[in-house]
Amino acid sequence: MANTKTYEEERLGYYKVLGGLLLLTVVTFIQPTMFLTDATFGVQMLIGTVKAWMIVMYYMHMKGEKLITATVIFALFLVSFFFVIVMIDVNNFQYGDVSHITSEITSAGGSSASVH
Amino acid sequence: MSDHPYVPEIATDREGNEYEVQGWQGDFFGGKLGFWLFMLTEIMMFGAMFMVLTYYFTLHHDDFINASSSLNRTLGGFNTVVLLISALTMGLGLLKMRYGDVKGAKLMIWATILLAIVFLGVKAVEWTAEYNHGVFLGLPALQGGLPESKPFGEIIFFGMYFTMTGLHGFHIIVGIGLMLWLLKRINANQVNREHYILYFNIVLYWDLVHLIWVFVFPYYYMIGAGLSTGGH
Amino acid sequence: MSKSYLDAGETHCAIGHPKTVFWQWMLTVDHKRIGIMYAAVMFVFFFIAVFTALAMRIELFAPGSQFLDGDTFNQAFTLHGVLMIFLFIIPGIPAIFGNIVMPLMIGAKDVSFPRLNWFTFWLYIFGCLVALTSLFNFNITEGEILFNFADTGWTFYAPYSLNTGTNVVTTLVAAFILGMASILTGLNFLVTIHRLRAPGMGFFQMPLFVWGIYATAWIQLLATPVVGITLILAVMEKYFGIGIFDPSKGGDPVLFQHLFWIYSHPAVYLMILPAFGIMSEIMPVFSRREIFGYRTIALSSASIAGIGYLVWGHHLFTSGMSDVAKTIFSFLTFFVAIPTGIKFYDWIATMYKGKIILDSPMLWALGTIITFAIGGLTGVTIAMVGSDIHLQDTYYSVAHFHYAILGGVVFLLFAGLHYWFPLVTGKLYNEPKAKVAFYLNFVGINLLWFPMFIAGYLGMPRRYFDYLPEFEIYHQISGIGAVVIISGLLLMFQNFLSSWKSGEASPLNPWNATTLEWYTPSSPPPLENHTKVPYVDFGPYEYHYGQPKVKFDLQTMKRID
Amino acid sequence: MLEGFNTSGSIIAEHIGFALEMNLWLSIVLFLSVVGPMLYLAWKYRADKVKDEDIENVTHHLLLEITWTTIPTIMMFTFFYYGYTSMVTARTMPPANESIIIAVEGKKWSWNHTYPANANGFVHKTAELYAPANKNVILEMTAPLNDVIHSYFVPAFRMKEDVVPGRITKQWFNANEGTYDIECAEYCGTSHAYMLSKINIIPQADYDAWISSQDSKPAAFATGASKGQELFESNGCNGCHSVTDDSILIGPSLMGIAKGKTAQYLKDAIINPNKDIADGFSAMMPATKMSDEDIAEVYSYIATAAVAKGAAIIESNGCMGCHTTDGTPSAGPSFKGMGTLDAGYIKDAILAPNKDIAEGFSPIMPATTMSDDEIAEVTKYLKAL
C-alpha cells in the first residue's frame with residue numbers, strides 16, 4: 001500500500017465513509033414510509049448496493065487493485081447470471097395455476113395429505 | 001519450515017540481469033489475494049441463499065411482506081449501526097498499527113470485540129422474543145402441513161431468516177475468535193508495523209461480515225416495512 | 001548423490017521437527033509428498049468404487065434378482081457414485097498432479113500456502129472418514145453394525161433424499177467437507193500461479209497443464225460453495241423441515257436440482273480441464289516438436305471454464321423446468337463443444353511433421369482422443385433438447401458420462417501417471433506390461449460402455465437393478481467388458497508398485513521433455529525443487545530438430561544453449 | 001426390443017427420431033474428422049520413419065484453424081436448431097378441446113391413469129393406459145405430495161417428463177394402434193426397476209364403447225378378474241403388497257387379512273395409511289381415495305385371493321362331492337379344521353387316501369394325481385378355512 005497520505009488524512013477518510021453509511025442507513029429507515037413505497041424492495045437493495053460499494057472500496061481498500069477487482073467482478077457476474085436464469089425459470093413456471101407449490105396449502109393433513 | 005529470516009532468491013537471465021524471486025514467505029500481496037479469493041466463496045455461498053430467497057419471494061410475494069413486517073426493525077436497525085461502528089473501529093485499529101501505535105490498535109480491537117458481543121446480545125434478545133411467539137426452527141408454526149402452520153411463504157421466510165442470520169452470527173463468533181488470536185499474535189510481536197498481513201486479513205473478514213449484513217438486513221427487515229410498524 | 005525429497009528427514013513439517021519417518025510424512029508440507037499421499041488414498045477409494053461397480057455388473061448380468069436386492073443395489077450405485085465423484089475424480093488430478101507437478105513447472109519452491117496445503121489434505125482425509133462412517137449404522141447397545149449407506153444416488157435429489165431412512169445427512173456433511181477441501185486447494189493454486197511463477201514467466205509462457213490447473217482452480221473456488229450451501233440447506237430441511245425443497249411442505253424440488261447442478265456441472269469441467277492439460281503436455285513431448293496453437297489451447301481452457309458455469313440447466317431438460325430456460329441452456333451448452341473441438345484439432349495438428357514415439361503415455365493420450373471423442377460427441381446428442389427428452393436418464397447418458405469421464409479424465413490421469421512416474425519415483429516402469437495394460441483398458445472400456453449407447457437408445461433406464469429381458473445381451477457384453485477393464489487396471493497398478501520397488505533407475509529427463517519440472521538436479525527432485533530459480537524467457541515447448549532447445553546447467557540453472 | 005419401439009408410434013417419435021438420426025450421421029463425420037487424421041499421422045510420422053532433421057515446428061495455420069472452428073460451429077447450430085424444433089413439437093400441447101386429457105399419478109411404484117368422466121359421470125381408473133388411435137392425448141401428471149420424483153417414459157414415443165410432487169407437468173402424444181411400454185426413468189427407490197406399465201392404443205370405436213361403460217378394461221383386455229382384483233392392481237397396491245402368499249415386497253403381505261381385520265380397518269389403511277404403521281415398516285404409503293363399495297370389493301378380493309387357486313383346484317377335482325367346508329361331515333370329514341394337519345399328511349391323504357382313514361369314515365376316497373404346486377395351493381386353502 002504505497003500511498004502518500006498522512007495518518008490524519010486516512011483517518012478522516014474512515015470517518016467520512018462512516019458518515020455516509022450512517023446517512024444511508026437513515027434513508028433505509030425512512031424510505032418505506034416516505035417515498036417510492038411501491039418499489040421498496042428495489043430501493044432497499046439499491047441502497048444496500050451503494051453501501052456495499054463504499055465498504056468494499058474504502059474499508060476494504062479495493063481501489064486500485066486491478067486483479068482483485070477483476071476477480072470480484074467475475075464472481076458477481078456469475079452470481080447475477082445464476083439469479084437471472086433462475087428468475088427466468090420461476091417466472092415462466094409451467095402450469096403454475098394448477099400446481100401446489102405456487103398456491104397456498106389449503107388442506108392441512110401433514111404427510112398423509114392427498115392430491116386432487 | 002526454517003526459522004532463519006527469509007532472504008529472497010535472485011534469478012539471472014542470459015545477459016546477467018538480476019531479478020528478485022517472489023517466495024511464498026512474506027508475500028503480502030499473495031496473502032491478501034488469497035483472502036480475497038476466500039471471500040469470493042462467501043459471496044457465492046450467500047449469493048446462492050439469496051437466490052433461494054428470491055425464488056420463493058417471486059412465488060409467495062405477499063407472505064414474504066407479511067412475515068417481514070413482523071420482524072423487530074428497531075433492534076435490527078440498532079444492530080446495523082453497531083456493525084457499522086465496529087467496521088470503523090476495526091479499520092482505525094489497522095491504521096494505528098500501520099503507523100506504529102500498537103496500544104491504540106489493541107484498544108480498537110477490544111472495542112470491536114465489545115461491539116460484536118453487543119450485536120450477538122441483541123440478536124439473542126430478538127431470537128428469544130421470536131421463540132416466545134412460537135416462531136423458531138423446528139416449532140410447529142414453521143412445520144408445513146400442520147394445522148397451526150403459518151402460510152408456506154412465511155415458513156420459508158422465517159426458515160431462511162434463521163438459517164441466514166444464524167450463519168451470519170456464526171461468522172461473528174468466528175470473528176471474535178480471530179480477533180482474540182490476533183491480540184495474542186500482537187502481544188508476541190508476530191504481528192507488527194512491518195508484518196501485519198494477518199491483521200489486514202482479519203479486517204477484511206470483519207468487513208465481509210458487515211457486507212453480508214448490509215444485504216441481509218434490508219432483505220429481511222425492510223421489505224415489509226411499509227405494511228405496518230412491526231415489532232413483536 | 002544429492003538427496004531427494006523422498007529421503008528421511010528431507011521435508012519441512014507443519015509442526016516442529018519430528019524424528020520418525022512416519023511423522024515426517026504425516027506432518028509434511030512438501031507439495032510433492034502431499035501429492036503422493038493424495039494419490040495413495042484416492043486410488044484405494046478408486047478400487048473400492050471399481051469393485052462396487054463390478055458387483056453391480058454381476059447383478060445385472062442376467063435379468064431378475066441375482067444376489068443383490070433393490071435396496072442394496074441402490075446403495076451400491078450411490079456408494080460407487082459418491083466415492084468416484086467426491087473422493088476420487090473431483091479432487092483427483094488437481095490434488096495429485098496439481099500438487100506434485102504444478103509448482104515444479106512454474107519454478108516455485110512450493111505452493112503459496114504450504115501449511116494450508118497440509119491442512120487441506122487432512123481436511124480431505126477427515127471428509128473421507130465421515131463418508132466411511134455413513135456406510136454403517138452403529139448400534140452400540142446391541143453390538144450391531146448395519147449397512148445403511150445413503151440410497152439416493154450421488155445427486156441427492158430432493159425429495160427422495162429427504163424421505164429416505166438411510167444415512168443421507170452424514171453423506172451430505174462428508175460431501176460438504178470434501179467441498180471445503182476442494183475450495184482451499186483451488187485457492188492455494190490460484191495464488192501460487194499468480195504469485196510464484198519464476199521471473200520472466202508470463203501467463204503465456206506457462207506450460208498448458210498449469211493453464212488447466214488455473215482454469216480448474218477457478219471452478220473449485222467459485223462453484224463449490226454453491227453446492228456446499230445446498231447441502232447445508234438440505235440438512236436444515238431434514239432436521240427442521242422448513243420446506244425449502246420438500247413439496248409436502250410447499251417447497252420446490254426442482255430448485256434443489258438447479259442449485260445442485262450449478263456446482264455439479266462446472267465440476268465436470270473441473271475434472272476434464274486438468275486432464276486436457278496432461279494431454280497438452282504429452283502430445284508435444286511424444287511428437288518431439290512444438291505444440292500447435294499454444295494460445296488457442298490455453299484460451300479455450302479458460303473459456304470452457306467460463307462457459308461451464310452457464311450451462312447447468314441441461315441436466316433439467318425433463319425435470320419440469322420451463323421451456324424458455326430449456327432453450328437458453330441448450331443454446332449455451334453448444335458453446336462448450338466448440339473450444340473443446342478446437343483443442344482436439346490442435347492436438348492432432350501437433351503430430352503433423354513430428355516424430356511420433358508410441359511410448360505408453362502417448363498410447364494413453366491417443367486412446368483418449370478416440371474415447372473422449374465418443375464421449376464428447378454423444379454429449380452433443382443429449383445437449384439437443386429434443387433428443388435429450390428421449391435419452392435423459394437412460395443408459396445412453398450413463399455411457400456418455402463414463403466415456404467422457406473414464407475415457408477422458410481417468411485415461412489422461414493414467415497417461416499422467418505413466419508420464420510423471422519417473423519424475424516422482426526416480427524409477428522406470430516396465431514398458432511392455434504398461435502397453436498390455438493400456439490395450440486391456442482400451443478394449444475394456446469399449447466393450448463395457450458401447451453396448452449401453454444402444455441399450456439406452458432402445459429405452460433402458462438407468463439405476464434399474466432388474467430389467468426387461470430384451471436388454472440382456474447388452475448387459476452381458478458390458479459384464480465381459482468389466483472383467484477386461486478390471487484386469488487391465490490391476491495389471492497397471494501391479495506394474496507401478498513393483499517398478500517403484502525394484503524398477504530400473506530413471507535418468508533425469510527420460511522423455512526429452514522441455515518443461516521445467518524435468519530440470520531438477522536429481523531424480524527424484526530434492527526438497528525445494530530446483531537448485532536455483534531459473535529465469536524464463538522461452539516458451540514451454542521449444543524443440544529444435546527433436547531435441548529440447550533450452551538447456552540448463554542444473555546446478556546454477558543458467559542457460560547453456 | 002421394447003414393445004412397439006420400432007414402429008415410431010407417435011408424431012413426436014418421428015420428429016425426435018429425425019433429430020437423432022441427423023445427429024448420428026453428423027457425429028460420425030465429426031468423429032472421423034478427429035480420429036482419421038490422428039491415425040494417419042500416427043502412422044505416417046512413426047518414430048522409425050522420421051529423421052530428426054525432418055521434424056518441423058508448425059505452430060500456426062490460419063486457414064486451417066478458421067476451417068475447423070467454423071464448420072463444427074455451423075454443425076452445432078444445426079444440432080441446436082433440430083433439438084429446438086423437435087422440443088417444440090414435443091412440448092407444445094395440442095388444443096384441449098381436440099384432445100383427451102388423462103390425469104396421471106405416479107407414486108411409489110405404480111402408475112395410475114384417471115380418465116374424463118363419461119356421460120353417466122363414471123370415472124375410469126386404470127394401471128395401464130388405454131387411448132384411442134390417432135387422437136391427441138394430453139397427460140396431466142403429478143405425484144402425491146409425500147412421494148418422490150418419477151419420470152413417465154415411453155421409449156417408443158420418444159417422450160419423457162418428470163412427475164414432480166407438488167407440480168403439474170404435461171406431455172402429449174398422438175399414436176398408432178399397438179402396445180407400448182411405460183417405464184419410470186427418474187430414480188425413485190427400492191422398486192424403481194419395477195415401476196413399469198403399458199400404453200394400449202386401441203381403435204376409437206373400442207375406446208368409445210369402453211369409456212361409456214363401467215367396465216374396468218376395454219373388452220379386448222378383459223381378463224375375467226374380479227372387480228376387487230382390478231382395483232387392487234389399477235391402484236398399484238400389488239407393487240408393494242402380496243396377497244397370494246406371505247412374502248414381504250415393500251409393505252406387509254395382506255394374505256389372511258380377512259381373518260383378523262375388518263373392512264373398516266382396510267378402509268382406514270387406504271385413506272390414511274401412515275396413521276398406524278405395522279411394526280418394522282416405514283411410513284411411505286401414499287393415501288388413495290376410494291369409495292366404500294370399491295373398498296368392499298378389494299376387501300373380498302384380498303380375503304379370497306390367497307386361496308382362490310386352491311378353491312378352484314378342489315372344485316375341479318370334485319372334492320366337494322364328499323367334503324364340506326362348514327364343519328358338517330358328509331361322505332368324508334369336513335375340510336374345516338384340516339388346516340391344523342401337517343402338510344405331509346395332507347399330501348398323503350390326497351395321493352394315497354386310504355392308507356390312514358379318519359375314525360368313523362370308510363376308505364372310499366379315490367386317489368387323485370396332483371402336482372406339488374397344486375397340493376401346496378390346496379394346503380393353503382385348507383389352512384385359511
Side-chain angles (χ1 to χ4, degrees), chain C residues 70-71 74 153 157 159-160 163 165 247-248 253-254 288-290 292-293 318-320 323 326-327 330-331 334 337-338 341-342 344-345 348 351-357 366 369-370 373 377 380-381 384-387 389-390 392-394 458-459 461 463-468 470 543 545-546, chain D residues 1-2 5 16 19-20 23 27 30-31 34-35 37-38 41-42 45-47 50 52-53 55-60 65 68-69 72-73 76 79-80 82-84 86-87 90-91 145-146 148-149 151 153 155 158-162 164-167 169 183 185-187 189-193 282:
Chain C
D71 283 327
N74 296 341
Y157 269 17
Y160 190 83
N163 293 353
S248 71
V254 178
R288 294 284 190 270
R289 51 154 287 189
E290 207 165 314
F292 187 97
T318 64
S319 291
D323 291 342
K326 285 178 204 170
T327 312
S330 173
F331 185 73
F334 286 104
I338 295 163
I342 293 172
F344 270 76
Y345 291 118
I348 288 160
M351 296 162 74
Y352 176 69
K353 294 209 169 171
K355 180 177 177 178
I356 315 295
I357 296 170
L366 295 184
I369 287 189
I370 298 174
L377 287 168
V380 169
T381 316
M384 297 164 67
V385 194
S387 319
I389 290 176
H390 177 52
Q392 170 104 40
D393 280 320
T394 64
L458 296 177
R463 295 176 169 176
Y464 269 29
F465 89 103
D466 188 7
Y467 50 86
L468 296 168
E470 289 89 338
Y543 276 100
Y545 291 140
Chain D
M1 198 68 61
L2 287 171
F5 188 84
I16 294 179
L20 279 165
N23 171 277
S27 291
L30 282 169
F31 178 76
V34 171
V35 174
M38 180 197 90
L41 292 173
Y45 298 107
R46 59 196 185 276
V50 179
D52 279 352
E53 306 86 85
I55 299 178
E56 273 184 53
N57 290 325
V58 187
T59 60
H60 292 96
E65 286 177 87
W68 73 45
T69 309
T73 307
M76 289 304 135
F79 288 153
F80 169 71
Y82 284 104
Y84 174 71
S86 53
M87 175 194 87
R91 301 289 314 150
L145 284 178
N146 60 340
V148 301
I149 301 175
S151 190
F153 178 30
R158 314 288 190 274
M159 73 177 206
K160 177 190 293 133
E161 181 76 5
D162 282 9
V164 185
R167 281 193 178 205
T169 52
E183 298 174 314
E186 182 67 55
Y187 170 66
T190 315
S191 286
H192 173 49
S282 54

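Per chain, numbering begins at 1; letters A, B, ... match sequence-line order. Worth saying up front: this structure is predicted, and the values here are computed from it rather than measured.
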For this session: Could you give me the CA-CA distance, side-chain angles and deciding distance for Tyr45(D) and Arg288(C), then say whether side-chain contact (heavy atoms from CB on, under 4.5 Å) is met?
Result: CA-CA 11 Å; Tyr45(D) 298 107; Arg288(C) 294 284 190 270; over 6 Å; no
Seminar exercise, completed: Heavy atoms of Thr190(D) and Phe465(C) approach each other most closely as O-CE2, 4.1 Å
Exercise. What residue in Ala19(D), Ala90(D), Gly189(D), Ser151(D) has the most heavy-atom pairs under 4.5 Å with chain C?
Worked result: Gly189(D)
For this session: Give the ring-plane orientation class for Phe80(D) versus Phe334(C), where under 30° counts as parallel, over 60° as perpendicular and anything between as tilted.
Result: perpendicular
Exercise. Can you list the steps and then say if Ile348(C) with Val34(D) is a side-chain contact (heavy atoms from CB on, under 4.5 Å)?
Worked result: CA-CA 8 Å; Ile348(C) 288 160; Val34(D) 171; 3.5 Å; yes
Exercise. Which bit of Leu41(D) is near chain C, if near means a heavy-atom gap under 4.5 Å: side chain, backbone, both or neither?
Worked result: both
Problem set entry | Under 4.5 Å from any heavy atom of chain C - which part of Pro37(D) | both
Exercise. What is the distance from atom OH of Tyr157(C) to atom CG of Asp162(D), rounded to the nearest 0.5 Å?
Worked result: 8.0 Å
For this session: With a 4.5 Å cut-off on heavy-atom pairs, point out which of Ser330(C), Gly153(C), Gly70(C) contacts chain D the most.
Result: Ser330(C)
Seminar exercise, completed: Distance col, row Phe153(D):CZ vs Thr318(C):OG1, nearest 0.5 angstrom, shows 9.5 Å
Exercise. So which heavy atom on Pro253(C) is nearest to which on Ile149(D), and how close?
Worked result: CB-CD1, 4.0 Å
Problem set entry | Atom pair OH (Tyr545(C)) and CD (Glu56(D)), whose distance is rounded to the nearest 0.5 Å | 8.0 Å
Exercise. Side chains of Leu468(C) and Glu183(D): closer than 4.5 Å at any heavy-atom pair?
Worked result: yes
For this session: Against chain D, label Leu366(C) side chain, backbone, both or neither, depending on which of its atoms sit under 4.5 Å from a heavy atom there.
Result: both
For this session: In sequence, state the C-alpha distance, the side-chain angles, and the governing distance for Tyr543(C) and Ile55(D), and then conclude on side-chain contact (heavy atoms from CB on, under 4.5 Å).
Result: CA-CA 9 Å; Tyr543(C) 276 100; Ile55(D) 299 178; over 6 Å; no
For this session: Let me know if Asp71(C) has heavy atoms under 4.5 Å from chain D in its side chain, its backbone, both or neither.
Result: both
Exercise. Between the main-chain N or O of Ile389(C) and the side-chain N or O of Lys160(D), is there a donor-acceptor pair closer than 3.5 Å?
Worked result: yes
Problem set entry | Atom group of Ser191(D) that falls short of 4.5 Å from chain C, counting heavy atoms | neither
Exercise. In terms of heavy-atom proximity below 4.5 Å to chain C, should Ala185(D) be classed as side chain, backbone, both, or neither?
Worked result: both
Seminar exercise, completed: Sequence neighbours excluded, the answer for ring-ring contact (aromatic ring centres under 6.0 Å, His included) partners of Tyr160(C) is Tyr187(D)
Exercise. Can you say whether Tyr467(C) sits under 4.5 Å from chain D via the side chain, the backbone, both, or neither, judging by heavy atoms?
Worked result: neither
Problem set entry | Euclidean distance, Arg46(D) CZ relative to Met351(C) CE, rounded to 0.5 Å | 12.5 Å
Exercise. Among Ser86(D), Ala47(D), Pro72(D), which has the most heavy-atom pairs under 4.5 Å with chain C?
Worked result: Ala47(D)
Exercise. Atom CE of Met384(C) and atom CE of Met87(D): how far apart are they, to the nearest 0.5 Å?
Worked result: 12.0 Å
Exercise. Does any heavy atom of chain C fall under 4.5 Å from the side chain of Val164(D), the backbone, both, or neither of them?
Worked result: side chain
Exercise. Heavy-atom distance under 4.5 Å to chain D: side chain of Pro159(C), backbone, both or neither?
Worked result: both
For this session: Please state whether the rings of Phe5(D) and His390(C) are parallel, tilted or perpendicular, taking 30° and 60° as the class boundaries.
Result: tilted
Exercise. Top residue by heavy-atom pair count (under 4.5 Å) with chain C, among Val58(D), Leu30(D), Leu20(D)?
Worked result: Val58(D)
Exercise. Using non-hydrogen atoms only, which part of Phe31(D) is less than 4.5 Å away from chain C: side chain, backbone, both, or neither?
Worked result: both
Exercise. Between Met159(D), His60(D), Arg91(D), which residue shows the highest count of heavy-atom pairs closer than 4.5 Å to chain C?
Worked result: Arg91(D)
For this session: Decide yes or no on side-chain contact (heavy atoms from CB on, under 4.5 Å) for Val385(C) and Tyr84(D), but give the supporting numbers first.
Result: CA-CA 6 Å; Val385(C) 194; Tyr84(D) 174 71; 5.9 Å; no
For this session: Using atom types as modelled and distance alone, determine if a side-chain donor or acceptor of Arg167(D) lies under 3.5 Å from a backbone N or O of Gly320(C).
Result: yes
